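Only a predicted model underlies this, so the values are computations on that prediction, with no experimental measurement involved.
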Amino acid sequence: MPLQVPQKYVDKFSFINNTYRKLNHAMGNLMDENIGKVINLLKATKIWDNALVVFHADNGGEIMGGGVCGGNNYPLRGGKFSNFEGGIRVNAFVTGGIIPKEKIGTKIESYITAWDWYATYASIANIDPVDHMAEKANLPKIDSINMWPLISGANSTSPRNEIIIGDTTSLFPNAGGKTLVGGIIINDYKLLIGAKSRFYD
């Protein structure tokens with residue numbers, strides 16, 4: 001939200017009867033077109049061979065308000081503002097000339113979080129990702145892991161096997177979730193904790 005996109009993109013999806021879903025598809029199409037422009041520019045300026053392009057959604061589709069947001073995370077439960085799978089399991093892709101040819105077109109199903117890109121970018125740029133000032137102040141270490149070995153094919157499994165997914169004090173209710181939940185994922189197990197939301201029956 002807000003669902004805003006030039007009409008010519010909406011017209012491409014005239015076969016979709018639901019107005020909100022139609023707008024959502026049109027917005028995705030416009031975004032895809034503009035990412036294509038960036039990639040074409042990288043290729044035209046000879047930057048592509050050394051480029052890493054990452055596209056990573058920040059949350060699942062927004063499903064609040066009886067569908068007026070246009071999101072749809074089926075068959076996953078929940079959506080944006082929820083820690084159910086529909087809210088936190090998202091699409092991502094990487095491309096660019098830096099990707100080994102044998103990895104192009106392959107699929108990774110291991111855990112990678114949005115905050116892992118920090119350590120990954122730092123590694124590729126040969127920069128130390130550690131916040132040494134924070135370390136001296138006895139603050140917690142960064143929770144970011146270099147995923148380049150996984151992406152490049154040097155490693156076949158993700159070094160991440162644990163994801164903290166929020167707590168019960170800072171989350172907002174979601175129409176698809178109906179509870180205020182937090183929790184943790186460890187390997188193949190997921191624990192959600194929380195109380196029934198006062199916003200729902």
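For R160, the salt bridge (charged side-chain N to carboxylate O under 4.0 Å, His left out) partners are D116, D143, not counting sequence neighbours. By the side chain to side chain contact (heavy atoms under 4.5 Å, CB included) test, E109 is found to be paired with K107, residues two or more places apart in sequence or in another chain being considered. N34 pairs by the side chain to side chain contact (heavy atoms under 4.5 Å, CB included) definition with L30, K37, not counting sequence neighbours.
Side-chain heavy atoms closer than 4.5 Å link hydrophobic residues (I, L, V, M, F, W, Y) into clusters, and following such links, possibly through other members, connects V68 to M27. I63 and Y74 are members of different hydrophobic clusters when ILVMFWY side chains are connected at heavy-atom separations under 4.5 Å. The cluster map of Ile, Leu, Val, Met, Phe, Trp and Tyr, joined by side-chain heavy atoms under 4.5 Å apart, puts I127 and Y121 in different clusters. In terms of hydrophobic clustering, with Ile, Leu, Val, Met, Phe, Trp and Tyr side chains grouped at heavy-atom distances under 4.5 Å, I163 and L192 are assigned to a common cluster.
Residues I142 make up the rest of the hydrophobic cluster containing Y118, defined by ILVMFWY side-chain heavy atoms closer than 4.5 Å, directly or through other members.
Judged as a side-chain hydrogen bond (donor to acceptor under 3.5 Å, both in side chains), the pairs with a partner in residues 84-93 (not counting sequence neighbours) are, in order, E85-R89, E85-K190.
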Expected list for residues 5-16: side-chain donor-acceptor pairs under 3.5 angstrom, two or more places apart:
| residue | atom | partner | partner atom | Å |
| --- | --- | --- | --- | --- |
| Q7 | NE2 | D11 | OD1 | 2.8 |
| Y9 | OH | E33 | OE1 | 3.3 |
| Y9 | OH | E33 | OE2 | 2.5 |
| K12 | NZ | N29 | OD1 | 2.9 |

Would you tabulate the side-chain donor-acceptor contacts of residues 131-141 under 3.5 Å, counting partners in other chains and residues two or more places apart, or write 'none'?
| residue | atom | partner | partner atom | Å |
| --- | --- | --- | --- | --- |
| D131 | OD1 | M133 | N | 3.4 |
| D131 | OD1 | A134 | N | 3.0 |
| H132 | NE2 | D128 | OD2 | 2.5 |

Pairs under 3.5 angstrom only: tabulate donor-acceptor contacts from the side chains of residues 144-155 to other protein residues two or more places apart or in another chain.
| residue | atom | partner | partner atom | Å |
| --- | --- | --- | --- | --- |
| S144 | OG | W115 | O | 2.5 |
| S144 | OG | A119 | N | 2.9 |
| N146 | OD1 | W148 | N | 2.9 |
| N146 | ND2 | S123 | OG | 3.0 |
| S152 | OG | W148 | O | 2.8 |
| S152 | OG | P149 | O | 3.4 |

For residues 93-105, tabulate all N or O donor-acceptor pairs below 3.5 Å that involve a side-chain atom, not counting sequence neighbours.
none

List, one per line, each side-chain donor-acceptor pair under 3.5 Å for residues 38-56, sequence neighbours excluded.
| residue | atom | partner | partner atom | Å |
| --- | --- | --- | --- | --- |
| N40 | ND2 | G36 | O | 3.3 |
| T45 | OG1 | L41 | O | 2.7 |
| T45 | OG1 | L42 | O | 3.4 |
| H56 | ND1 | W117 | NE1 | 2.7 |

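Rounding to the nearest 0.5 Å places CD1 of I124 at 11.0 Å from CG of N126. In this structure, NE2 on H25 lies 12.5 Å from CG on L3, to the nearest 0.5 angstrom. Residue I88 holds its CD1 atom at 11.5 Å from CG of N73, rounded to the nearest 0.5 Å. The CG atom of N83 lies 12.0 Å from the CD1 atom of I184; values are rounded to the nearest 0.5 Å.
Listed here is the closest heavy atom pair of R21 and N18: N-OD1, 2.9 Å. Closest heavy-atom contact between I185 and Y111: CG2-OH, 3.2 Å.
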